Amino acid sequence: MQAEPPGEGWPREDHGGRLILPGFIDTHVHSGQLDVIGAYGSALLDWLEHHTFPAELRMAEAGHAQRTSALFLDALLATGTTTAAVFPTVHPVSVNALFEQAETRGMRLIAGKVLMDRHAPEALRDDVEGAERECRALIERWHGRGRLAYAVTPRFAPTSSDEQLAMAGRLLASAPGLYMQTHVAENPDEVRWVAELFPAARSYLDVYARHGLLGERAIFAHGIWLDDPDRAALHAAGAQIAHCPSSNLFLGSGLFDWAAAEAAGIAVSFGCDVGGGTSLSMLRTMADGYKVQAMAGRRLTAWKCLYAATLGAARALRLAHEIGSFALGTLADVAVWDWAVGPVATRRHEVARDVHDRLFAWMTLGDERNLVATYVAGQRRHARDIR
Ligand code: GUN
Ligand code: ZN
């Protein structure tokens, strides 16, 4: 973004009367899980075993990984998301495919090879030395290249040995600007399992902390079943929680305590968590976030939701100089929205009482039909039908 208007000769598009926002930032999503979106019938651990792991196995094949990554990123752009922190799979080809496709689109993307050396099917398991070698090569190739950054990505504590988590901690410390992403405290059975597997740890979060994985560029998905010392530790580290309401509702994982996170001073951003989540859309994710808080008798404003999905996430990622707002110096990652599509939303829009009422109804009723166009670093990468 720049202060001066561009000179004559620049193409101009008139979006008068529309809502123009920074592209959304999704801080937790899985590129290898499109095939299991909306899979019936189970809670987290069973869902992983019966739906997710079989789908992730297919990402070992380079052609499938390329096609899936392209489909995935185009689908994000088609819902107004221009930045994401993504879990591909354990296979380096899935990481290369995702970064290659993101680079082609000019997107800001954070991702890394999923680490899993136990409690997963053999073809999805790595080992400490092999994984370290693969990660170092991926970091060398991708971290800091254009708009791409590498995240050390242990899937979750149960699928990594202590040795592998220690290796992940060493990796994280090995280069500046590396991110760390994982899952924490999503489901009560999972939390009990972690307590059995890591009896010396004070809590699930503490398993990560003990291995040097709790830092300011850490993204912890879910964080539903945390306690106050965990929240204090997250705050002290400057780590963020990727709240994934659609997934939490769909898998029946629990209701995230946003107020407790906020009271502890933790940055909260949004993740769609597809395939546990049922839509890649940040609008659907925010609307589900509102409903989750409503179940606790609290109300999330549209302001708070939009902040979490844009500038709040950008700040938590230490990327506010580049994304999340239209401040001078940021890149033009922009989504242009129609306020309303169809007679019911149009009527609702017409009778909106003030800006918040209008925004909140848009967030609650809107979907990708409302999205007119998405621009990444000033280039149009998605268009509905420019009128
Ligand atoms: N915990 C470990 N792996 C996963 C995953 O793929 N999705 C979700 N929602 N939780 C997880
Ligand atoms: Zn997830």
Side-chain angles (χ1 to χ4, degrees), residues 26-39 41-59 68 72 76 81 84-91 94 98 110-121 124-126 151-161 164-165 168 179-194 197-198 204-205 207-208 213 218-226 240-256 269-280 285 288 292:
D26 185 330
T27 56
H28 184 75
V29 58
H30 300 255
S31 57
Q33 295 184 10
L34 293 181
D35 290 3
V36 297
I37 199 170
S42 50
L44 176 66
L45 299 176
D46 184 75
W47 175 83
L48 284 173
E49 186 181 340
H50 293 109
H51 296 290
T52 310
F53 289 161
E56 292 194 5
L57 280 168
R58 298 199 278 277
M59 294 290 276
T68 300
F72 170 76
L76 284 182
T81 296
V86 186
F87 281 53
T89 61
V90 74
H91 316 99
S94 75
L98 183 67
I110 298 166
K113 179 195 125 62
V114 172
L115 297 167
M116 287 204 268
D117 68 350
R118 62 173 176 169
H119 298 135
L124 277 184
R125 287 202 303 266
D126 49 21
V152 176
T153 307
R155 181 181 208 109
F156 69 155
T159 45
S160 285
S161 61
Q164 188 171 62
L165 292 172
Y179 290 88
M180 198 293 299
Q181 55 179 355
T182 191
H183 299 86
V184 73
E186 176 178 2
N187 165 294
D189 289 337
E190 172 211 20
V191 174
R192 275 189 285 276
W193 193 23
V194 170
L197 292 171
F198 298 93
Y204 189 161
L205 183 76
V207 174
Y208 299 126
L213 296 169
I219 308 166
F220 290 95
H222 307 294
I224 298 169
W225 306 99
L226 299 172
Q240 68 176 301
I241 293 178
H243 171 38
C244 307
S246 161
S247 168
N248 299 161
L249 294 169
F250 185 70
L251 296 176
S253 303
L255 302 175
F256 173 66
S269 54
F270 279 117
C272 75
D273 196 27
V274 160
T278 50
S279 167
L280 289 167
T285 304
D288 282 344
V292 165

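Model, not experiment: these values are computed from the prediction. First listed ligand is number 1; within each ligand, the first listed atom is number 1. Index from 1, following the sequence.
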Item to complete: Before giving the answer on side chain to side chain contact (heavy atoms under 4.5 Å, CB included), spell out for V29 and F72 the whole-Å C-alpha distance, their side-chain angles and the decisive distance to 0.1 Å.
Response: CA-CA 10 Å; V29 58; F72 170 76; 3.6 Å; yes

Discussion item. Run the side chain to side chain contact (heavy atoms under 4.5 Å, CB included) test on R155 and L48 for me, step by step, so that the C-alpha distance in whole Å, both residues' side-chain angles and the decisive distance to 0.1 Å come before the verdict.
Written reply: CA-CA 11 Å; R155 181 181 208 109; L48 284 173; 3.9 Å; yes

Practice prompt. Determine, stepwise, if the pair H222 / N187 fulfils side-chain hydrogen bond (donor to acceptor under 3.5 Å, both in side chains).
Written response: CA-CA 9 Å; H222 307 294; N187 165 294; over 6 Å; no

Worksheet item: Do you know which of T52, V114, T159, L57 makes side chain to side chain contact (heavy atoms under 4.5 Å, CB included) with L124?
Response: L57

Fill in: Under 3.5 Å donor-acceptor, Y208 side chain and A157 backbone
yes

Worksheet item: Between V90 and K113, is a side chain to side chain contact (heavy atoms under 4.5 Å, CB included) present by the stated rule, with each step listed?
Response: CA-CA 5 Å; V90 74; K113 179 195 125 62; 3.2 Å; yes

Discussion item. Suppose the cut-off is 2.8 Å; how many protein N/O/S atoms fall inside it around the Zn ion (ligand 2)?
Written reply: 4

Practice prompt. Given side chain to side chain contact (heavy atoms under 4.5 Å, CB included), test L226 with I241 step by step and report yes or no.
Written response: CA-CA 11 Å; L226 299 172; I241 293 178; 3.9 Å; yes

Item to complete: May I ask you to decide if the ring planes of H28 and H183 are parallel, tilted or perpendicular, using 30° and 60° as cut-offs?
Response: perpendicular

Discussion item. For T278 and S246, which I'm curious about, is there any donor-acceptor pair between the side chains at under 3.5 Å?
Written reply: yes

Are there any N/O pairs under 3.5 Å between ligand 1 and the protein, and if so, what are their distances?
residue: ligand 1; atom: 3 (N); partner: R155; partner atom: NE; Å: 2.7
residue: ligand 1; atom: 6 (O); partner: Q33; partner atom: NE2; Å: 2.8
residue: ligand 1; atom: 6 (O); partner: R155; partner atom: NH2; Å: 2.7
residue: ligand 1; atom: 9 (N); partner: E186; partner atom: OE2; Å: 2.9
residue: ligand 1; atom: 9 (N); partner: D273; partner atom: OD2; Å: 2.7
residue: ligand 1; atom: 10 (N); partner: E186; partner atom: OE1; Å: 2.7
residue: ligand 1; atom: 10 (N); partner: E186; partner atom: OE2; Å: 3.4

